[in-house]
**Q** 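Just passing along the structure, written as structure tokens.
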Amino acid sequence: MKYSKLLIPTVKEVPAEAEITSHRLMIRAGFIRKVASGTYTYLPLGLRCLQKIMSIVREEMNAADAQEIDMPFVQPMELWEKTGRREAYGETLGWFTDRHGRENALSPTAEEIVTSLVAAEVSSYKQLPLNLYQIKMKYRDEFRPRFGVLRSREFIMKDSYSFSATLENLDEIYQSMRDAYCKMFKRCGLKFVVVQAQSGEIGGSGSEEFMVPCAAGEDIIVHTEDGSYAANIEKAQIDAPAKAEANSDAPAPEQINTPNATTIDEVCQLLGTTPQEMIKTLVYQIGEKVVVAMVRGDHDVNEDKLRAAAGGGTVELAEEAIVQEVSGAAVGFAGPVGLTVKVDQIVIDPWVAAMESGVAGANKTDYHVRNIVPGRDFALDGEKASVVDIRNAIEGDTNNGKPLQFSRGIEVGHIFKLGTKYSEKLGATFLDENGETKPCIMGCYGIGINRILASAIEASYDDNGCILPVSIAPFEVEIIPLNNDKEEVSGLADTIYTKLQESGVDVLMDDRDGRPGVKFKDADLLGIPLRVVIGERGLKEGNVEVKRRTDDKPTNIPVDDAVSTVLEWLGELKQNLQ
RNA sequence: CGGAGCGUAGCUCAGCUUGGUAGAGCGCUGCGUUCGGGACGCAGAGGUCGAAAGUUCAAAUCUUUUCGCUCCGACCA
């Protein structure tokens, strides 16, 4: 295509609000423009990138026997009520009331629709398995859109849903999706890691995320140095500590006056202790239950782990009144000893259970207690109490004896085994070989198309702009004729342009009547992998210049070899992404 | 939803403290000179200063309200 005909509004300056590199570069290169918070227009070049990514995703999905369908963006709210997800999604779910007074949800995902479809159309095990997908815009009214297109309200997601008759078949499809995802991300030129994530209904190894390691990522990845273990911090398993010897000679608990010391820091300062010696006691409201969680003073409660320990539900810190009722004291003085019967469940982190003795709130305003021995002064098991890992991993923790390291990543894909949650609620059942009615066993698999583009840029750029993988760059080759008014230059440029196009190459011709510097700067900014410069200087020697975006200097190539060289180099670039 | 900040030309921003004729750079239009890494000169177009109300002889500037945006936090199948 001709540059002069395309809307490519490159800019030198970028709003202060664009903080991360991919956001800044996408604006500078004229890929996107913001319309409102979390909503963007994709200009021709940005859309080209997305389309190339979508093609790759589509090819690999089809190759994995998934079938493309297209489901509505506007969905009847009653379906969302049936599955209870209207409540579960809360305010993130966008919706509107139509002229007939019916409520409609703006699709943030499509389990309800696809499961209803299968409920209506599938009745026999002979019709299974099925793996249905779509690539479509999604809407989520995010509390806080940020980082450009990394967390936007509207985004394009490839979402697929598999329906199996048996658990074994679910495992097979899950594995085939996992393999397909690896191929797609590789083809998109992304370096990624697969990490364990919050499990689906079935549990076990039921959920994995595909992360692009990157400092700007929102997720924290926990992994061992050799990569044998990697997980989202929400999920990361931590080795339990060695149990301290039960010390029957330990001094008895001693109450101490700690006026107004309600935080770990304040108590430590007052008593000269360290956070490691403290037992942090937090009162949570989880669903209908009041749950007390205990972690060591230097640890943080992981609310996802806590939710799992409590058997699900919305996790919230309890209101002041409940805390007062439970502990019999002002907020900040709760402790393990002498909690009221109001508590439904007590979850103790293994690292608390292993403490020789600790300092905790006294359940009495302005008092703490020292010399509390877990197991002696409060129960570690019983009707309500149990010891479960409920904290976030921190520096120094290990998994299977190997030290855990931390890094950040962008979640570009997420696969998981759903089980029968939706199929049961929406009646997606089938008759098996024995004539028994059974619910379909589901899996679901998502990919953020826009995030692939943003993370590709985030992963590869320099001072001059994007360095895009050839598979997703807006064009594969850019031709820059420097002295366009000279017949020999523009003529040769046209010839090379036509020949490359005939060879199936996606070429951009910078036919603008501009100065060379402007063209060079723009070409670099756009991140197009190969550049051909045709100028009088080179032509005198019978050469044109060919340069990879990653090369420091161009290479002189005889005019007659220009097309073949470009094709050859292009082939090499593509080969690297197989 | 809590905390902080910002809304002035197409874009990036100054001006506001101390009220008094609307500014710069980039971009854009025309002409000329340039032409291998974001050229230069001259001439020009372009703004109800987010909106509303108030104080004042006079408001971009002070007060109040409101809308939008951004950052930190909470939240995130």
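Just so it is clear, the structure is predicted and the values come from calculations on it, not from any experiment. To find a chain, count down the sequence lines: A is the first, B the second, and so on, and within it residues start at 1. Only heavy atoms go into these numbers, but all of them, side chains included; no hydrogens, no water, no symmetry mates.
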**Q** With a 4.0 Å heavy-atom cut-off, tell me which residues in residues 130-144 of chain A come close to RNA chain B, sorted by residue number.
**A** A/R140, A/F143, A/R144
**Q** Please state whether the rings of A/W80 and A/Y89 are parallel, tilted or perpendicular, taking 30° and 60° as the class boundaries.
**A** perpendicular
**Q** For A/K235 versus A/A197, what's the shortest heavy-atom pair and its separation?
**A** CD-O, 3.3 Å
**Q** Mind listing the side-chain donor-acceptor pairs of residues 520-537 of chain A below 3.5 Å, one per line with the distance, residues two or more places apart or on another chain?
**A**
| residue | atom | partner | partner atom | Å |
| --- | --- | --- | --- | --- |
| A/D522 | OD1 | A/T10 | OG1 | 2.9 |
| A/D522 | OD2 | A/R512 | NH1 | 3.1 |
| A/D522 | OD2 | A/R512 | NH2 | 3.1 |

**Q** Would you indicate which nucleotide in B/C76, B/G38, B/C69 comes nearest to any side-chain atom of A/K34?
**A** B/C69
**Q** What pair of heavy atoms forms the shortest contact from A/R451 to A/L150, and how long is it?
**A** NE-O, 2.8 Å
**Q** Residues in side chain to side chain donor-acceptor pair (under 3.5 Å) with A/T495, at least two apart?
**A** none
**Q** Looking at B/C40, which nucleotide sits across from it as a Watson-Crick or G-U wobble partner, both distances under 3.5 angstrom, or is there none?
**A** B/G32
**Q** Please name the nucleotide paired to B/G54 by Watson-Crick or G-U wobble geometry with both distances under 3.5 Å, or report none.
**A** B/C62
**Q** Give me the distance, rounded to whole Å, that separates B/G46 from B/A53 when you measure between the C1' atoms they each carry.
**A** 30 Å
**Q** Provide the closest heavy-atom pair for A/A119 versus A/L426 in the form atom of the first, atom of the second, distance.
**A** CB-O, 3.4 Å
**Q** For A/K547 and A/P554, work out which heavy atoms get closest and say how close.
**A** CB-CA, 3.8 Å
**Q** Quick one: closest heavy-atom pair of A/M157 and A/P108, and the distance?
**A** CE-O, 4.0 Å
**Q** If pairing requires Watson-Crick or G-U wobble contacts with both distances under 3.5 Å, which nucleotide is the partner of B/G73?
**A** B/C1
**Q** Kindly write out the residues that satisfy side chain to side chain donor-acceptor pair (under 3.5 Å) with A/E303, not counting sequence neighbours, or none if the list is empty.
**A** A/Y284
**Q** Treat primed atoms plus P, OP1 and OP2 as sugar-phosphate and everything else as base, then score nucleotides 24-36 of chain B 5' to 3': B for base contact with protein heavy atoms under 4.0 Å, S for sugar-phosphate contact only, - for none.
**A** -BS-------BSB
**Q** Using the C1' atom as the reference point in each nucleotide, state the distance between B/A43 and B/G38 in Å, no decimals.
**A** 24 Å
**Q** B/G73 and B/G41: how far apart are their P atoms, nearest whole angstrom?
**A** 46 Å
**Q** List in chain and number order the residues that pass side chain to side chain donor-acceptor pair (under 3.5 Å) with A/R391, two or more places apart in sequence or in another chain; answer none if no residue qualifies.
**A** A/H299, A/D397
**Q** Do the side chain of A/R146 and the base of B/G73 come within less than 3.5 angstrom through a donor-acceptor pair of N or O atoms?
**A** no
**Q** Would you mind classifying the nucleic acid contact of A/K519 as base, sugar-phosphate or nothing, using non-hydrogen atoms under 4.0 angstrom?
**A** nothing
**Q** Tell me which nucleotide, if any, is Watson-Crick or G-U wobble paired with B/G68 when both distances must be under 3.5 Å.
**A** B/C6
**Q** Could you label the plane-to-plane angle of the A/Y181 and A/F185 rings as parallel, tilted or perpendicular, counting under 30° as parallel and over 60° as perpendicular?
**A** perpendicular
**Q** Salt-bridge test for A/K136 and A/D70: reply yes if a basic N is under 4.0 Å from a carboxylate O, no otherwise.
**A** yes
**Q** Hey, does A/P15 reach any base, or is it just sugar-phosphate, or nothing, if we go heavy atoms under 4.0 Å?
**A** sugar-phosphate
**Q** Do any N or O atoms of the protein come closer than 3.5 Å to N or O atoms of nucleotides 45-47 of chain B, and which pairs are they?
**A**
none

**Q** When the P atoms of B/U56 and B/G19 are considered, how many whole Å apart are they?
**A** 16 Å
**Q** Among residues at least two apart in sequence or on other chains, which ones pass side chain to side chain donor-acceptor pair (under 3.5 Å) with A/N543?
**A** none
**Q** Can you pull out every side chain to side chain donor-acceptor pair (under 3.5 Å) where at least one residue sits in residues 139-151 of chain A? Sequence neighbours excluded, please.
**A** A/D141-A/R153, A/E142-A/R151, A/R146-A/E218, A/R151-A/E218
**Q** Counting heavy atoms from C-beta on, name the nucleotide in B/G37, B/C69, B/A77 closest to the side chain of A/N464.
**A** B/G37
**Q** Let me have a per-nucleotide readout for nucleotides 4-9 of chain B, 5' to 3', with B, S or -, counting only protein heavy atoms under 4.0 Å.
**A** ------
**Q** Between B/C62 and B/U55, how far is it from one C1' atom to the other, in whole Å?
**A** 8 Å
**Q** Quick check on contacts: within residues 489-497 of chain A, what sits under 4.0 Å from RNA chain B by heavy-atom distance?
**A** none
**Q** Salt bridge check: are A/K305 and A/D389 linked by an N-O gap of less than 4.0 Å?
**A** yes
**Q** For A/D171, is there an ion pair with A/K417 - N to carboxylate O distance below 4.0 angstrom?
**A** yes
**Q** In the structure shown, which nucleotide is the Watson-Crick or G-U wobble counterpart of B/U12, with both distances under 3.5 Å?
**A** B/A24
**Q** Students often get this wrong, so: under 4.0 angstrom with heavy atoms, is A/S37 touching a base, only sugar-phosphate, or nothing?
**A** sugar-phosphate
**Q** Keeping to residues at least two apart or across chains, list the ring pair (Phe, Tyr, Trp, His ring centres under 6.0 Å) pairs with something in residues 16-41 of chain A.
**A** A/H23-A/Y40
**Q** Which part of the nucleic acid, if any, lies within reach of A/E112 when heavy atoms closer than 4.0 Å are counted: base, sugar-phosphate only, or nothing?
**A** nothing
**Q** So what's B/U48 paired with, Watson-Crick or G-U wobble, going by both distances under 3.5 Å?
**A** none
